[in-house]
Amino acid sequence: MIKGLVRNIVKDLRIEFRSKVVISLILSFSVIVTISIGFASGGIIGSPMVHAILLWVIIFFSGMNTSHLFYREIEEHTALFNLMYYSPEGIFVSKLIVNCIIMVAVAAIAGLLYLFVMDVSVYNVSGFAIMVLAGSSALAVCTTIIAAITALVQARGGLFTILSFPITLPIITVVIKSTTQCFSKEIYSSWSAILFLLAFSTLLGVVSYILFPYIWREF
Amino acid sequence: MFTIKAHNISKRYSYRLFSNISCSVSTGESVAIVGPNGSGKSTLLKILGNIVSPDSGRVEYFDKMESIPAHTVIHYAGIVAPYIQCYNHLTLTENIIFAFGSVTDDAIELLHRLDMYQHKDKVLHTYSTGMQQRCKIAMALLKKPKVLLLDEPGSNLDDSGRKILFELIKEIQPFTAIIMATNDSREAKLCHRSIVLDKGIGA
C-alpha cells in the first residue's frame, strides 16, 4: 500500500503541476476575492471577528476547488486504470495527502494575501500559523470524502459545496473563533481548538477510509 | 489456474439487455462476446470483470481453485476498453513507472513490438487515438494479468497495429483467461468460443 500511496501522490502532484488546473483556479479565486473585499470595504473593517470570518470564507471556497482531483479521475476515465494497480484505500489516502498539501498551500497564500491587502495585525503569529495549518488540513479531510462521493454524480460542483458546508461548519466555527483571538490582543491558548480539529479530522478520516472502497466499488 | 464462472446473469436498463447467461472461462481459454450494437457486449464484459453488478445471477471467481472476493478481481485483470484511459498528462514511461515502479526489459521489448518505444517520453495527450490504444494494450499486458478483458481491442488500430495485437493475444492465450467483446469477426476468430448476444438472449 505504501508504494501505491507514494506513486499516487507523485502522479497527482506531477499532473497538477503540468495541467495547473487546481492551482490556477485557487489562486485566481483567492486573489480576486481578497482584492474585491479590500476595495469593497475601503479598509474600514475594524472588528477582528469580521476579518476572521472573511478570511475563512475565502479559504473555504478556495478549497472547494481541490475536489478536482477526484473529478479528474472520473472525467478522464482513469479511476479504473488506477484501481487496476492499487487498492482503493491507497488511492484515498494519497488523494487525502495531496488535498492536504494543496489546501495548506491555499490557506497560506490566501492568509498572507488577506493580511497584506486588508492590513490586518496579527498579535499571536504562531497561534495563527498553527490555526491556518490545522484548520486547512481539517477542511481537506472533510472535503476529500465529499469529493469522492460527488465525483460519481452529474451536478457535482454545486452538490459538493452544499454537502461540504454542514460537515465543515464545526471546523469553520472553531477556526474563526481562534483566528479572531489571534487578531485581537487577548491572550489565549489554542490547544483546545487544535485538539478539537485533530479529533474531528481523525474521526472523519477513519470513517472515510472505511467507506471509500464501498463508494468506488461500482461506477 | 484462474476461473470466472457466471450463473444465469441478467441485466436490464430501461429495456431488457440480456437474461440467463451462464458461462465459464479459465486460464488458457478465450471467449468472444459478439452481437450487434446495443446487444450488451460491453455490459456483459463489465459484469464478468465485476465492474458492473448484474441485476440477477452471480459471478464467481477462483484463483488456484480457491474462491476469491469479487472486488479483488480487478487486481488480477488487465483491461483494454474505451472507458479506461491511461493518464493523459503523463508520458508513457511515467505511466509505466506509476503502475509497475520501473521500466523493465520486458516493458522495453513490448514497447518496441508495439512500435511505441520512440514515443515513450511524449505526454499521452499528444498521441493519436491509435497510439493511445497501443498504450492501453501495453499497460494491460505488462501487468501479466490472470484475466484479460478486451472491449473492442482493435478499435482505432491500423492494420499493423491489429496484426501485432493478434500476435500478442495468441502468445498470452496459454497463460491467461481472455474475454473479448467485439464486432470484428477476425478478432472473434482468435477465441476458442463465442457468446452471441442477440435480442436479449445469449446463445
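Chain letters run A, B, ... following the sequence lines, proteins first, then strands; residues in each count from 1.
Salt-bridge formation is not detected for the pair B:E94/A:R7: no Lys NZ or Arg NE/NH1/NH2 atom is positioned less than 4.0 Å from an Asp or Glu carboxylate oxygen.
Counting non-hydrogen atoms of neighbouring residues, nucleotides and ligands closer than 6.0 angstrom, the OH atom of B:Y83 exceeds 12 such neighbours. The number of heavy-atom neighbours closer than 6.0 Å to CG of B:D121, taken from other residues, nucleotides and ligands shown, is above 12. For B:Q118, the CD atom counts as densely surrounded, since its 6.0 Å shell holds more than 12 non-hydrogen atoms of other residues, nucleotides or ligands.
Between chain A and the options B:N95, B:I79, B:I97, heavy-atom pairs under 4.5 Å are most frequent for B:I79. Heavy-atom pairs under 4.5 Å with chain A peak, among B:P145, B:P82, B:G101, B:G78, at B:G101.
Note: B:H89 NE2 to A:F17 CZ = 14.5 Å, rounded to the nearest 0.5 Å. In this structure, CD1 on B:I51 lies 5.0 Å from CG on A:L80, to the nearest 0.5 angstrom.
At a 4.5 Å heavy-atom cutoff, B:Y76 makes no contact with chain A through either its backbone or its side chain. The contact between B:A77 and chain A is made entirely by backbone atoms, counting heavy-atom distances below 4.5 Å.
Between B:A140 and A:Y85, the closest heavy-atom pair is N-OH, 4.3 Å. Here the closest non-hydrogen pair linking A:F81 and B:Q85 is CB-O, 3.3 Å. Across A:R18 and B:T91, no two heavy atoms sit closer than the pair NH1-N, 4.2 Å. Taking each heavy atom of A:R14 and B:L90 in turn, the nearest pair found is CD-CD2, 3.7 Å.
Using a 4.5 Å cut-off on side-chain heavy atoms (C-beta onward), A:N8 and B:F98 make contact. Contact annotation: the side chain of A:M84 approaches that of B:K143 to within less than 4.5 Å [non-hydrogen atoms, C-beta and beyond]. You'll find the side chain of A:H77 stays beyond 4.5 Å of the side chain of B:I84, heavy atoms only.
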